[in-house]
Every structure is written in structure tokens, then in C-alpha cells.
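Here is the structure we will look at.
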Amino acid sequence: MMFHEYKNVIEDGDTVIVYLNHNSMSPLKVEAGQVYNNRFGTFKHDDMIGLKYGSKVVNKDGKGFVFLLHPTPALWTQVVPHRTQILYLPDISFISLYLDLRPGKIMIESGTGSGSFSHSIARTIAPTGHLYTFEYHEIRAQTARKEFIEHNLTDVVTIEHRDVIANGFGKRNIADAVFLDLPAPWDAVAAAKDALRKDTIGRICCFSPCIEQVQRTALALDEHGFSEIRMYESLAKDYEIRNIPQPDIDEVIDGQRVSFKPVKSDKKKRKLENDSACSGTDTDANGSTVKELTVTKPTDVVRGHTSYLTFAILAPEEGDDIDMSE
Amino acid sequence: MMFHEYKNVIEDGDTVIVYLNHNSMSPLKVEAGQVYNNRFGTFKHDDMIGLKYGSKVVNKDGKGFVFLLHPTPALWTQVVPHRTQILYLPDISFISLYLDLRPGKIMIESGTGSGSFSHSIARTIAPTGHLYTFEYHEIRAQTARKEFIEHNLTDVVTIEHRDVIANGFGKRNIADAVFLDLPAPWDAVAAAKDALRKDTIGRICCFSPCIEQVQRTALALDEHGFSEIRMYESLAKDYEIRNIPQPDIDEVIDGQRVSFKPVKSDKKKRKLENDSACSGTDTDANGSTVKELTVTKPTDVVRGHTSYLTFAILAPEEGDDIDMSE
Amino acid sequence: MEAEAAAAAAAGTVQLERTVIKAGDHVIIRMPSSNTKIVCIRADTTVSLGKFGSFNANALIGHTFGHTFEIVQNGQIQPHHQPGFDAADITAANNQTIVDDPKSQKLSFEEIEGLKKQSLMGAVSASEIISSLTANNEAFAHKTEFSKSKYIRRKQSKFNKCFVPLETTAYNLCDFFFSVNMQKTRGIRTDTLAQMLALVNVYAGARVLCVDDGQGLLVGALLTRVLDQGCVLGVHDGDVPNYDVLRYVNEPTDGRLKTLAWSKLKYQQPAFAEPELTASASENDVLGRARRLRGHQKLADTLAELRSGDFDALVVSTKYAARKVVDRLLPYLGMSRMVVVYDQCKEPLTEVLAWMRDSHMFVNVQLSEGWLREYQVLPSRTHPTMSTSGGGGFLLSAIYVGGSV
Amino acid sequence: MEAEAAAAAAAGTVQLERTVIKAGDHVIIRMPSSNTKIVCIRADTTVSLGKFGSFNANALIGHTFGHTFEIVQNGQIQPHHQPGFDAADITAANNQTIVDDPKSQKLSFEEIEGLKKQSLMGAVSASEIISSLTANNEAFAHKTEFSKSKYIRRKQSKFNKCFVPLETTAYNLCDFFFSVNMQKTRGIRTDTLAQMLALVNVYAGARVLCVDDGQGLLVGALLTRVLDQGCVLGVHDGDVPNYDVLRYVNEPTDGRLKTLAWSKLKYQQPAFAEPELTASASENDVLGRARRLRGHQKLADTLAELRSGDFDALVVSTKYAARKVVDRLLPYLGMSRMVVVYDQCKEPLTEVLAWMRDSHMFVNVQLSEGWLREYQVLPSRTHPTMSTSGGGGFLLSAIYVGGSV
């Protein structure tokens, strides 16, 4: 099992994502002879080995069940143990596209943090690219290193415990892209410039939750000769679907009904006709039939901010001489 | 005709809002004997006098028509001649509710700008409240004064040409609320404190497009003893409705149709069945019948930012003595 | 200019009375955790804020809103000056060497619990507890200024016994119910309520027709904007309106509020038919007849108000299919007046929008969604709040020109 | 650590070749007005940027992307150093005494037009024009630093002849079409495309099944993420795919792209039946037969690829009703793989979502909408852009577990 490519069948030693429901998933290392317990029951690892990824496994009683999903960077982001504030999909994906990550690209990341973004980068630049990731907090670096090894990512990822503000990246003219998630990214801009390739376009992204960090970072990027300094926020909101009753006011005006009291909608099972998501009927608490409408609604609470993303490019140094043939 | 209350019939001298369509409205002062031309034709003012507000008037040829709407502060915001960047409904309304504007409140506004917000404040605090509005740009102050007179707002609004940063508001302990739309609101915070009532809760809102202004304003508010400093952005987006075809892929798989080319949807008239906004049929360019779906979509371009709204309260000065009976 | 101001004053501009907390008022209390609760300040009672302590209601009566108070000994309170901005610098938020370790706190769990108990009794102040915690925390001294500030803020929100009494304004009530029980008010957020009031064009003298199945928040908000020359006529299902939110509004609003059951919309009321009582009638009979006569007269007045028509606005937030709700009330609306329909979801309004566009009875039909974002503004730490509401509802608005076509 | 890096290098980490502008490349040109256009850089031609002038394509060939160039005399270009941040202070933006008056400019309309013409010929530089304008503007000297900066920026965007050649990356192409012809790519915005690629879990070796009725932007973006061990199989209506966007991608992608008409989805291909040609066959006959054989073989390969099944992702952006589109391709998808459906509107996806929830073939079904905001970051003038896109589309995603139930 690797995080950066799929396989079909679960083998001893693989990591799977156990899916209970939308809000409850967890990673599990499958090991022959072991037993896994959750609130849905007890599951034997031996029953999992040899199954296809995506399979449903039933517990000992035959009542509870879970799905065994193939790990992906996106799922990992949902289950990774948070050692720091992590990056989420809208930021991860936007940064990756903006920085033009593709197989073969060489990238530098600092700090590694919980490794949420590292997994995604590795998947995208593998097998021919490479990620050098730096973490100044020693225990976090050790934990991340252990995960990269378990997830078979060591061919694509090199992690180093290093204070890059004090010591730089120790790399010159190598990186296509640099990602800085540091409290004071402006102090690492010079090091980033060193690390970026000078023979072709280089890209940088600085990830900062506070606007004051952006203000200082933008000035530092400008001073160090970066150009096309642009700043974005990228978020997403999820929608829920439900059927709501649409009783007819004429029935109240005409006295057929006194008032409308809906049955608690979360208690009843949603039923939808196959061919239409916008009609249906329901029964109200008084027993009369009520027309229904399928509606979507954003979840009540959503992520309102993660970080500001400051991007810039380092365009290759060209002299006044316009001839580039050398 | 007054901007802060409705009447029913258009009289000589009234201002009406001429409505051509959603994107085209303009104010018109109705004067006996005058003629009004627009791209829909020629309209005689005499034909308008005596009509009910909301009436449709047809032009001389009997072909074009317009509606004569009663002016309201919300419509005025859409037609006001922009002498400065104006405030829009989401900000106007949020500020008004946050500052608890109601009939009887006394408010200070600076600057008046194009008077978009002033009209709305006047409508809300009339007839027993009062708005003192200050504009440092002499010509803008004159123009606004003229509008307030034409709109019969002088009982509720007093405008003054004054540099409030240099000279303060010339008011003490009078205002329930202060609104500052100035490049450097922090320089007017002391004056605002002077003007606010000290015997009951006072509220302030500072309207600033740039975050640096907010940062300085918040510090000034904190230094001057304001509390509950909170900052918001308030925006809104409009949705368009349209019917889109939902052709059946099975027809292509089965070879009944080669491809689907929709008729230009903006050219055809949208038809909706009365009882359902979610079904319908349409004809594609090949002449076959296609199922339709009613969808809504945000307008392609929306306002992405107007200003940051920094609010604070000035809580009455209480001594250490908890007895308030004096 | 001074002359104008003087003229304005002469014309009757008079400050409203100062608002103070009166016995029997409902007050929204914001606690150190930023959570809020509504309490009724009844004289001679004790108000409990749970783990933040309790205080004598009498101690708050007569004070104005918006101040910060600290609970001290014996249920007494005293004005508390909130500390201003600190100048912690996020650039130094590099806790490279810090390992989160509960062992760095040398006070035992029992000792901390003991301090908390003493604090609740008022024997120890919150700042004394926090000083003890920081003094006994081995890691604290190694923290950066930024982390120290964060630590102290976190502890303050836990141990402070400060609270802020907030007025039950339309804004505060909307905000309160949106955060504690969104469904009660049909999920309407402050910015959406605000836009609704602005679109409705409500003013002191306006006569507003309103359907509010959100327990009266909307009716209450409209009532704050009209005086006695205007009115709000609420049309409701059931026999009596379910306007629970109104009881939190501290001013009486009855004079400007009329209500009518949907079932009475087309009711042809007969004349009051009960015979005059004879001299021998019991007191109960007399009172009963008088009550029924008042009820009859009130309904007659409301029906007359409705049927006089030409209302200045139609405002709807309904659990019924909205198109017919609007349609049935349109006959009572004046020309060139606003119709504004709220719903928590867009789909129910799409149907109304399609009907409005095609009916030729409306112009300027618009469907919109509010967007609101709050920020933390602190030196070097300014950013939008990390978690926020997913939506504040949708508004459909239009200008009625029906009679002209 | 250095050892690790060395090991990585030894393991084959090699920098990609530097990207330079080659003859025949498509390049997105950003002009001083911030508008963009796509041009094909053909050797020995002239590239016109309209009112900003024109330059010799040859002058750009061999250069790297992302630099700023200024058009000088005779269609030549030279690297241009963009000025850095200025320090104008908005706090002084108080043009109290300024009256906007066209008369404050002492240069006549004709004189300005003359300067523009000379500038287009390269005889006068943009900075010279701007100097003339400010020197002859009576109000300029009275302006605050803030207003001067604003004035100069406005004039620069009008008179500068600087441009930036941008690479046709997936990001830049998406951004370009979203701003100039949103309908072409079905209204997909950069953040939505980005999330789509992340949800799809595309990687070098992935085999991706794709329906892209948005002229190939999606197909092109997927192709940038796979190498030859992977592939993208595009299913399209009509006889040939309408993937116009692919021609702007500067790398050949044919090897990794296979396409199949919907009408061939269930096609049972007979063996190639054309008889061998006799020795006397004309050259045309020979070429024709070879072409038809290649076509036959290509279709056979594509059908074999499809029917080998176990694809690693199903990605859909379709003008057809999406539920059936997904349903008809599900049989070819592997277990525990992603289905991602894009649409510009939410309603078409609602129907698919309802079906997915009820079908028991999917887990983790999610409907989401991206939100993207750009900011102006300048000293003392930082704020979100004043106008922005209303929406970037919706994504429905789910994990397919169909075979297990």
C-alpha cells in the first residue's frame, strides 16, 4: 500500500481508512491476528486481509458494519492526528494548482507540521519529482518521518529537522516551488530565493492566518525581487440535502386544517422518487398529506477562515541583453 | 412626496423613480408641461400627474412603457448620482440594525458623501429623531443639501459643511450613534466620543475599505475607552433564474441522437408551468424534446468588497460606586 | 449651521430617554466564554451564570447596558475595566522548544479545583487564580509574549467572572437565537434580517402586513421601526399567534401590533349578537360579555384594518408554500410597495420567483443571499473568525405594481 | 540529511527541463490593463496587443515565462523591471480642495493623442508620456501622495507597453477562460478545478474516466497530472471530441489521452474485415486501408481499455442529465475510487446527490461550493478586490463502494 498510488486488495501490513460514517473515519494498520473495536462492534483483521478496498465488513454479531477504504491524501487530511493546525482540501488543492505541481516537480515545504499537505504533494509529484520538507520541532519531525516510512513515501519525500530561518534550506537552485507555513515567513524569503531554480520560473506560496503576516511577507517578496505578488483566500462549504414539507395555506384559510406541525424531520427517513429530486409527499403530525420539496442547505457551521495565501513568482534573471541564446 | 413616507398619487413637483428594467432606473422630477425622453420613447409629465405610484405609463406611440415607482431610500441607492463611492444596501442595513436605529434616535454621520446612507437613516429615525451629517467637501455638501430640501427631509436632516477632523462635530452628549466614513477615522474618534451621549449606551461604526484603516481605528477606539470592538463585512449576492435542458444520455448511447446542441437560451422565452418550478420541457436545435430543470445561479460578477465595518460601544461612565440611584 | 441645529431642536428633536435595566426586563448576558443567555431580571432574585457564578438581580437594576461587570463577594457586582489590546507579536510565535506537557503545571488538579471554588464564593479573584497558574507553570516563563497572551486569554475565559448585560434589541435577539436555537427563528441571520428591514422600507408611519412563522422575531423587529401612527398586522395559523420572541422585548408593543388568524382571512363577521344583560346578571356574566365584546371588537378592528387595504409592505417568513401565501395577501397591498419573502433555503423561493417573473404584477424581482464575516482585530493577529455560519438565509424581494396591468 | 538528499538525487530526482517559449507555443499575454489574451508565438510573425502596440514573435522565443517585457522601437522588446511597492498613505487621501475638473490638464486632446501615436511607434516611452501628463496637470501638484500614486497607476495601465507572457498551465488556462468566455469551460473557476483534481486523486499512474463537455479544460488538467503509465479516457458526444482547450497546451498529450464516443459505449466491434489489397492497388487505396486499420485498431484499444474496467476515477462535467451519465460509466470504475461531478449550478447535482444517498453504492457523498477571494496587497491599501465572481461552480463527490453491497 502506498499513499500515492492505488492497489486493489488489502494485504497484511496495509493501512486502510475505516469508514463508519461521514463524520467518523479512522486509519487502521491491518495486521494478521489483530482485532479492531469500535462502537459498531468488533472486527477481526484476518477477515479484512484479502478483501478488495472499498469492501464492507460486518462485525462478529453480523449487525454493525464498516467500509474499508483505500487511503488517499484527501482522506488522510480528514483522519490525520493533528499535531499542528493542518491544511485543508481547499487550500491544499488551490496551492497545488497555482504552483503547477505535476509529476517531476521538485518542491520545498516548511514546516512539515502534521504532514497533511506533504502527502498530497507527494502523490502529485511522484514518481519522478521530490519533496524536501523541513520541520523545526524535533518531535513533530520524528513523527512525520515515521508516517512517511509507513506510507511508503520515502522515495518521494525527504524530511529534515531544521530551523530554516536560522540555517536556510541547505539547497540552491533546485526547487520549482517553495511553500512556507511559518510564523514569520518573511524571514525565510531569502532562503527560498536561494533554493529556487534560476534557469526557469519558480513559484512560492506563503500560508499565513493573520493579515499582518501577509503585509510583511509581501514587502519581503517585493524587496527580494519576486514579482506577480498575489494574495487569495480559498474556502469551501458543504451542503446538506433534505426534504421539507410545503403545506398549502388554502387548507388553513378554508378551515380544513388549523395549523401545520411538521413531524420531526430528522427522525423520519427521507424518501425520494427515482426520477425527480424536487417533488414528493409527506404526512404531517395530524396525518394529512403534504407536498414536499427537496432542498439543500449549507451546513450550519463552516470553516470561515484558514489562512491567507500569498503567491509570487521568481522570474529567471535576465540581463539587459535580450539575447538568450547562450 | 417625501422620501421617508409613502403617498399614493403622483402630484406636480413629486420625484418618481422611472423603471425601465432591473438595470435601468432613473429619478425624475414630475413637472406639469414637461416631456421626458428615454430609449423607450417620449412621455408627457402631464400624463403622469394624478396617476397612482406604481402605474405603468405608455409612450406617445403606445409601444414603449415604463413604471413610475415611489422613491425609497433603497431605490435611491440604485439611482443616486455618485459623487463619491456610495454605501450599498447590505452595509446600510447592517449598520442601521447594529446601531439600533429607530424612530427618535439622534445620529451623526461624517462624511455625507453622495447621501445614499443619509436618506436611509432619515427614513428610519423620522419623524422624532434627527440626523446631523457633515461633509468637508464644499460642493458635495451643497449638492446634498439641495437633495435633502427637494426630498423634504430638512425636518430630520441637518447638513453642515465642516472639517470634523480639524474642528470636531460641535456637538456634545447628544448622539445615540455615530457613523464615520472618513479616510482617517481614528482622528475623529475623540470628537465622536464628545458627541455621544454619556447617560446611556452610545454606538459607533467606522466604515473603511482597507484593513490598515481598521487596525488603526481599533487601536484608537480602545485607547478612547470604547469597548465591544467588533469588525464585520456584510455583502450580498443576487441570483438569476433560468431553465436549462437536461437531455438524456441514453438517447446518445442508443444512437437516437448524435449530440446535443441547445437553442441559445437567452433568445428563447422562458416558460414555466404554474405549479412547479422544477420541471418542464424544451426543444433542442434538432427539434427533439428535452426535459428542463429550473436553476438559479449567482450573477457572474458580484461586489466582492465594499468596506470593513468596525463597531464599538461607549458604555456610560460609571464610577466605582455601584449605586446608580443618583 | 448652529442656527439650523437650534431650529432642529426647536422643531422637537429630543433625546430618547436613557435605557436602563429595569426590574422585569429581559437581558442578554454575555459570559466570559462569549456564550450568551437570556435572563429576566426580577427584583430580589439571584441570577445564576452557571460555572461563572451568580449575582443579585437587584445589583444590576438601574444600570445601563453594555458595561462589563465582575461578580464579587456575596452576589455583588462591580464595574470592571476590560484590559485593552496587548501588543503580543505573532512573529515570535515560534515555540520551537515547547513540548505540550501537562506536567509543567505544578498546581495539582485538586488545588486548582479548590481555587475555583473559592473564586465562586468570591474569596479569590480571577486574576489571582491566573497569577497562581502562571507562577506555578514551569513552561510559562519560556513562552513567547504571544503565547503568554494566548494562555492568559484562555484562562480568563475560563476563570473570569465578568459579564456584559446586553439590551434585547432586534440585532441582539436575532444574533442570540441564531446562535442558540436557529430553527426557532427559521435560521435568519442578523445581516439577512437587516436587509429585510431595509428592503421592506418600514418607517414610523408604515402599515406592514406580516406573516412570521419564526416565532415573532420579524414582527418584533418591525415593531421597533414603527410608532403609533403605523402598525404591524401579523397573519398566523392556529387560533393565537406563536410570537414567543416578543416577550423578550422590554417595551410594550401591543398598541402597534394587530394579529389575525388565517382562518379569519375571509371571515364575514356578524354583528355582536349577545343580548344586553339584565340587571340581575352575575358579575361573571358581566365580565364574560365584556370580554367577548372586546374580542369581537378587536377582530372587527383588525378585519377593518386589513380590508382597508393599501398596506405599505408585505413581509413573509412562512412554513407554508410561499407562493400562495403571498398571493392571498396581495389584494391588501398598496401599489409601488415592497413584497419581501424570507426562507432559510433557496428552493422554496425559486418557485415564487418564477411565478413573480411571469405574473406581470411585479417589477425589480430579486433573489439574494447575504454574506457576513466577523474578524478578530488584535495587534498583529487580525483575521476572520476561523469558524462561521454556513448561511443566513435568502431574500426574495419585488415591487408590487399589480393593479396597473 | 545531506546524505538523504544525495540518496534522493541518486534515486533519480532530476530537475525537469527549464520551460522556455518555443516557436509555435501558445502564450497567455497579460497586458498593462490586466486583460489577458492567448497568442500563438509563430516564428517571423508580429504579435499585436492592440492599443498597447505590437512586437516581433522572434523577440520572445527562447525567453522564459513570467518576466515583464516592454515593447520598444521596431517591435523589439526588453526586460522591464516593474516598480516595487510605493509607500503612499491612505490616511492622507483627503482631497478636500480638489474639484474634478478636466480643465486642469493643460495638454490638449490632440496633443495627448499625438503622444500616444509616438509611443506606439516607440519614439516616446510610457514614462515620458506620464511625466508630460503630470507636469501639465495643474491639480497634480496639489494632490496627496496617495492620489498621485493612484493617478500614476491609472495612467500606467493606459500608456505602459509592458506585458507578461504566462505559461498555459492548467491554472492559467482555467483562469483565462473563466474571465473571457466562462461558458466555454462550463463556468469552472480555478479553485473548483483545483478541488476537483484533489478529490479525483489523480496521480502519475492513474487511469481516469472523464466526461468533459467543457471543451477539454478538465481533460487537459488531468493530463498534466498523469504520465505514460496512466491515461485519461474521455467519453464524448458527437463523432469526435470537442476538446478545443487542448490545443493551447504546449506539450503533446496524445499518448495519454484516449477518446470514445458515447454511441460506441456498448459497441461490439467486428474484426477488421477489409480484404488485403492486391499488388495493383493504388497508393490512395493503400493509404486509405492503412488509415482505416489504424482507426479500427485505435477504437479496439480504447474499447479494450474501457472494458478492462477498474478505472481509478470517474470525473464528470456534462450538459446531459448527470445521474445517468454517472450510472452508465460506473461499471468501469474500481472499488474505493472517487466519483466527482461538476456543474455550474447546484440543482442538477441535487438530483444526483439524492440518488447517490439512496443507492447504497457510495459513501462519503458530499456536495460543496468553492469560495475564492483575491486581495490587493499594497502598503496601507490592503483589501479584497472590489468586484469578484459570483460563483465558481459546485462539486459532488463520493467514494464508490458499489460492488460490495
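The model shown is predicted, which means the values in this text are computed figures rather than measured ones. The chains referred to below are lettered A, B, ... by the order of the sequence lines, with proteins before strands, and numbering in each begins at 1.
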To the closest 0.5 Å, what do you measure between CG (Leu97(B)) and OH (Tyr171(C))? 7.5 Å

What closest approach, in Å, do Asp199(B) and Arg18(C) show between heavy atoms, and which atom pair accounts for it? O-NE, 2.6 Å

Distance from Gln215(B) atom CD to Ser380(C) atom OG, nearest 0.5 Å? 9.5 Å

Contacts of Arg123(B) that satisfy salt bridge (Lys or Arg N to Asp or Glu O under 4.0 Å) - sequence neighbours left out: none

Closest contact, heavy atoms only, Gln195(C) versus Leu235(B): NE2-O, 4.0 Å

Between Leu309(B) and chain C, with a heavy-atom cut-off of 4.5 Å, which part of the residue counts as in contact: side chain, backbone, both or neither? neither

Residue pair Val377(C) / Val214(B), side-chain heavy-atom distance below 4.5 Å: yes

Let me know if Ala126(B) has heavy atoms under 4.5 Å from chain C in its side chain, its backbone, both or neither. backbone

Sort Ser96(B) into side chain, backbone, both or neither according to what part of it lies under 4.5 angstrom from a heavy atom of chain C. both

Heavy-atom pair count under 4.5 Å with chain B, highest-scoring of Asp310(C), Thr68(C), Leu372(C), Thr192(C): Leu372(C)

Please name the residue in the list Arg303(B), Lys237(B), Glu233(B) that meets the side chain to side chain contact (heavy atoms under 4.5 Å, CB included) test with Trp371(C). Glu233(B)

Residue Asp238(B) versus chain C: region with a heavy atom under 4.5 Å: both

Kindly give the heavy-atom pair with the smallest separation between Pro103(B) and Ala204(C), and that separation in Å. CG-CB, 4.0 Å

Is it true that, when you exclude Lys52(B) itself, more than 12 heavy atoms of the residues, nucleotides or ligands shown sit nearer than 6.0 Å to its NZ? no

Are Phe362(C) and Phe67(B), when compared by the centres of their aromatic rings, separated by less than 6.0 Å? no

If you tally heavy-atom pairs under 4.5 Å against chain B, which of Thr190(C), Asp312(C), Asp191(C) wins? Asp312(C)

Please classify the contact between Gln78(B) and chain C as side chain, backbone, both or neither, with a heavy-atom cut-off of under 4.5 Å. side chain

Going through the distances and angles, do Met25(B) and Asn364(C) end up as a side chain to side chain contact (heavy atoms under 4.5 Å, CB included)? CA-CA 10 Å; Met25(B) 290 184 252; Asn364(C) 213 29; 3.7 Å; yes

Check whether any side-chain heavy atom of Asp176(B) sits under 4.5 Å from a side-chain heavy atom of Gln15(C), and report yes or no. no

Ranking Phe94(B), Tyr6(B), Phe65(B), Tyr19(B) by heavy-atom pairs under 4.5 Å to chain C gives rank one to Tyr6(B)

Do the non-hydrogen side-chain atoms of Thr128(B) and Leu16(C) ever get within less than 4.5 Å of each other? no

Less than 4.5 Å apart, side chain to side chain, heavy atoms only: is that true for Glu228(B) and Val164(C)? yes

Please rank Gly104(B), Ala74(B), Pro73(B) by heavy-atom pairs under 4.5 Å with chain C and give me the top one. Gly104(B)

Which region of Asn173(B), side chain (C-beta onward) or backbone (N, CA, C, O), has a non-hydrogen atom less than 4.5 Å from a non-hydrogen atom of chain C, or is it both or neither? backbone

Out of curiosity, Gln376(C) CD to Ile229(B) CD1, how far, rounded to the nearest 0.5 Å? 12.5 Å

Relative to chain B, which segment of Ile399(C) carries a heavy atom at a distance below 4.5 Å: side chain, backbone, both, or neither? side chain

Arg197(B) and Glu17(C): CA distance, side-chain angles, deciding distance, salt bridge (Lys or Arg N to Asp or Glu O under 4.0 Å) verdict: CA-CA 11 Å; Arg197(B) 294 172 66 168; Glu17(C) 270 185 55; over 6 Å; no

Quick one: does Thr124(B)'s side chain get under 4.5 Å of Tyr203(C)'s, heavy atoms only? no

Identify the two heavy atoms, one from Ile313(B) and one from Gly66(C), that lie closest to each other, and give their separation to 0.1 Å. CD1-O, 3.4 Å

Identify whether NZ of Lys or CZ of Arg in Arg373(C) sits under 6.0 Å from the centre of the six-membered ring of Tyr232(B) and within 45° of that ring's axis. no

Would you give the length of the straight line joining atom NE2 of His70(B) to atom CG of Asn201(C), rounded to the nearest 0.5 angstrom? 8.5 Å

Quick check on the 6.0 Å ring-centre criterion: do Tyr375(C) and Tyr308(B) meet it? yes

Of the listed Thr382(C), Thr169(C), Val363(C), Leu353(C), the one with the largest count of heavy-atom pairs under 4.5 Å with chain B is Val363(C)

Ser93(B) side chain vs Ala198(C) backbone, donor-acceptor pair below 3.5 Å: no

Please tabulate, for the side chains in residues 220-229 of chain C, all donor-acceptor contacts under 3.5 angstrom to protein atoms that are two or more places apart in sequence or on a different chain.
{"from": "Thr224(C)", "atom 1": "OG1", "to": "Ala221(C)", "atom 2": "O", "distance (Å)": "2.6"}
{"from": "Arg225(C)", "atom 1": "NE", "to": "Leu101(B)", "atom 2": "O", "distance (Å)": "3.2"}

Side-chain heavy atoms of Gln366(C) within contact of His22(B), under 4.5 Å: yes

Assert top hit (heavy-atom pairs under 4.5 Å, partner chain C, pool Ile17(B), Asn21(B), Thr72(B)) equals Thr72(B)

Nearest 0.5 Å, please: how far is CE in Met338(C) from CG in Leu69(B)? 10.0 Å

Taking atom CZ of Arg337(C) and atom OH of Tyr53(B), what is their separation to the nearest 0.5 Å? 9.5 Å

Below 4.5 Å from any heavy atom of chain C, which atoms of Ile95(B) appear? Answer side chain, backbone, both or neither. neither

Could you please spell out the steps behind the side-chain hydrogen bond (donor to acceptor under 3.5 Å, both in side chains) verdict for Thr200(B) and Thr19(C)? CA-CA 6 Å; Thr200(B) 193; Thr19(C) 31; 3.1 Å; yes

Nearest atoms (heavy-atom pairs only) where Ser55(B) meets Met335(C): N-CE, 3.8 Å

Taking the side chain as every heavy atom from C-beta outward, state whether Lys56(B) and Val401(C) have any pair of such atoms under 4.5 Å apart. no

